[in-house]
Every structure is written in structure tokens, then in C-alpha cells.
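All figures in this text were calculated on a predicted structure; none of them were measured in a lab. For reference, positions follow the sequence shown, starting with 1.
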Amino acid sequence: MADVGIIMGSQSDWPTLQKAAEVLDELGISNEARIVSAHRTPDRLWDYGRAALDSGIKVIIAGAGGAAHLPGMMASKTRVPVIGVPIQTKALGGLDSLYSIVQMPRGFPVATMAIGEAGAVNAGLMAAGILSVSDAKLGARLDAWRAALSASIPETPQ
């Protein structure tokens with residue numbers, strides 16, 4: 001059983017979303033990754049959304065490019081919080097993905113991150129923040145991660 005589900009529209013999205021998995025692993029948060037296309041495997045999407053809560057998933061990170069319907073469609077199928085990661089695309093640099101994810105109708109929120117790898121890392125950190133509200137040990141690990149990041153920034157340019 002995983003605390004965070006990482007879903008993507010296709011295999012080509014994995015190099016981006018793997019960054020979310022890496023930060024979750026670093027923080028000791030169980031996660032699973034699945035290919036769940038809103039357009040090519042809609043039954044898989046419905047099944048994953050319906051079963052997410054009962055399977056122990058507490059947060060879903062959904063990455064998609066282009067039309068990027070996956071995060072919004074997943075949000076319509078579950079009350080588990082969904083974090084959307086726009087995948088950078090060749091045609092429009094990911095703006096198409098960003099606009100598709102961020103423009104959700106009232107009633108079906110998706111927390112939308114930045115385009116690409118930075119957004120994937122932040123999605124992992126957002127999931128950690130959500131989970132840390134009810135897990136003090138995770139909260140301490142997240143605080144330590146943030147402190148280490150701050151400590152890694154030099155005070156003067158090298």
C-alpha cells in the first residue's frame with residue numbers, strides 16, 4: 001500500500017515524474033507509479049480513481065502533457081487530493097499542459113505545479129506537506145530537508 005500515487009498519461013512522462021518519486025523516496029514516503037491515460041486507458045483511470053481512497057492512497061500526483069486531461073479527470077473520480085504536473089511539450093513548451101490543468105471548473109480542484117521537473121519535485125514536496133499535517137515524524141523529515149536545502153545555498157557567488 002502506497003501513500004502517494006504517481007500517475008502519468010504515457011511512458012514518456014516518467015522522466016519528469018520520476019523527480020517526484022525521488023523526493024518522496026528521499027523523505028521516506030511510500031509511492032507507486034502507474035500509466036493511466038485519460039484518453040487511451042479511460043477504464044484504468046476510472047478504476048484507479050474509484051479505488052484510490054480504499055487502497056490507502058492519500059495524495060495523487062498526476063502528470064500529463066498536451067491536452068493534459070488526466071489530473072482533472074482524476075479529481076472528478078476521487079476525493080483524494082490531486083496535484084497536477086504539466087509536462088513540458090515540444091509544440092508549446094508545456095503552456096498547453098499548464099492551461100489544461102490549471103483551468104478546472106468549480107468543484108473539482110487540482111493543485112497545479114510549475115511545468116516540468118521543477119513542478120514534479122514541488123509536487124512531491126506538496127504531497128509531503130499534505131501528509132506531514134498528520135504525521136509529526138514526516139514533518140520533522142520535511143523540515144530537515146528544507147533546512148538542508150537552505151544550507152546548501154552559498155552566501156556569496158563562487
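The structure places CD1 of Ile61 at 14.0 Å from NZ of Lys19, a figure rounded to the nearest 0.5 Å. Once rounded to the nearest 0.5 Å, the distance linking CG of Asp143 with CG of Leu138 reads 9.5 Å. Note: Ile130 CD1 to Leu125 CG = 11.0 Å, rounded to the nearest 0.5 Å. Atom NZ of Lys58 sits about 10.5 Å away from atom CD1 of Ile29, to the nearest 0.5 Å. Atom CD of Glu26 sits about 11.5 Å away from atom CZ of Arg141, to the nearest 0.5 Å. For the atom pair CG (Leu70) and CD1 (Ile7), the distance works out to 4.0 Å, reported to the nearest 0.5 Å.
By the side-chain contact (heavy atoms from CB on, under 4.5 Å) test, Gln18 is found to be paired with Trp14, Glu22, residues two or more places apart in sequence or in another chain being considered.
Thr16 places no side-chain N or O within donor-acceptor distance of the main-chain N or O of Gly116, the cut-off being under 3.5 Å. Ser30 places a side-chain N or O within donor-acceptor distance of the main-chain N or O of Asp3, the cut-off being under 3.5 Å. Of the possible polar contacts, one joining the Arg44 side chain to the Ile35 backbone as a donor-acceptor pair under 3.5 Å is found. Within the 3.5 Å criterion, the main-chain N or O of Gly94 finds a donor-acceptor partner in the side chain of Thr89. With Asp13 contributing its side chain and Gly9 its backbone, the two residues share a donor-acceptor pair below 3.5 Å.
Of all heavy-atom pairs between Ala64 and Ser97, the closest is O-CB, 3.6 Å. What you find for Gly49 and Met74 is that their closest heavy atoms are CA-SD, 3.4 Å. The minimum heavy-atom distance between Ala127 and Ile83, with the atom names listed, is N-CD1, 3.6 Å. Between Ile57 and Tyr48, the shortest heavy-atom distance links the atoms CD1-OH, 3.8 Å. Contact detail for Met1 and Ser55: the closest heavy-atom pair is CG-O, 3.1 Å. Counting all heavy atoms, side chain and backbone alike, Pro71 lies closest to Val110 at O-CG2, 3.7 Å.
For the pair Trp46/Met73, a side-chain contact is recorded, criterion being any heavy-atom separation below 4.5 Å from C-beta on. Side chains of Val23 and Trp145 form a contact here, defined as non-hydrogen atoms less than 4.5 Å apart. Ile60 has its side chain within reach of Thr78: a pair of non-hydrogen atoms, C-beta onward, lies under 4.5 Å apart. Residues Leu24 and Leu27 are not in side-chain contact: their nearest non-hydrogen atoms beyond the backbone lie 4.5 Å or more apart. No side-chain heavy atom of Val36 sits under 4.5 Å from any side-chain heavy atom of Met8.
Between the side chains of Asn31 and Asp25, at least one donor N or O sits under 3.5 Å from an acceptor N or O.
A continuous path of ILVMFWY side-chain contacts below 4.5 Å connects Ile6 to Val85, so both sit in one hydrophobic cluster. Note: the hydrophobic cluster containing Val59 also contains Met126 (ILVMFWY, side chain heavy atoms under 4.5 Å, direct or indirect links). Hydrophobic clustering of Ile, Leu, Val, Met, Phe, Trp and Tyr side chains at less than 4.5 Å, counting indirect connections, unites Leu45 with Met104. If you chain together hydrophobic residues whose side chains sit under 4.5 Å apart, Met113 and Leu142 fall into the same group.
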* To do: Please report the C-alpha distance between Val4 and Leu131 in whole Å, then the side-chain angles of each, then the deciding distance to 0.1 Å, and finally whether the side-chain contact (heavy atoms from CB on, under 4.5 Å) criterion is met.
  => CA-CA 9 Å; Val4 178; Leu131 296 172; 3.8 Å; yes
* Please assess Leu92 against Tyr99 for the test side-chain contact (heavy atoms from CB on, under 4.5 Å), listing each intermediate value before the final yes or no. => CA-CA 11 Å; Leu92 298 172; Tyr99 291 153; over 6 Å; no
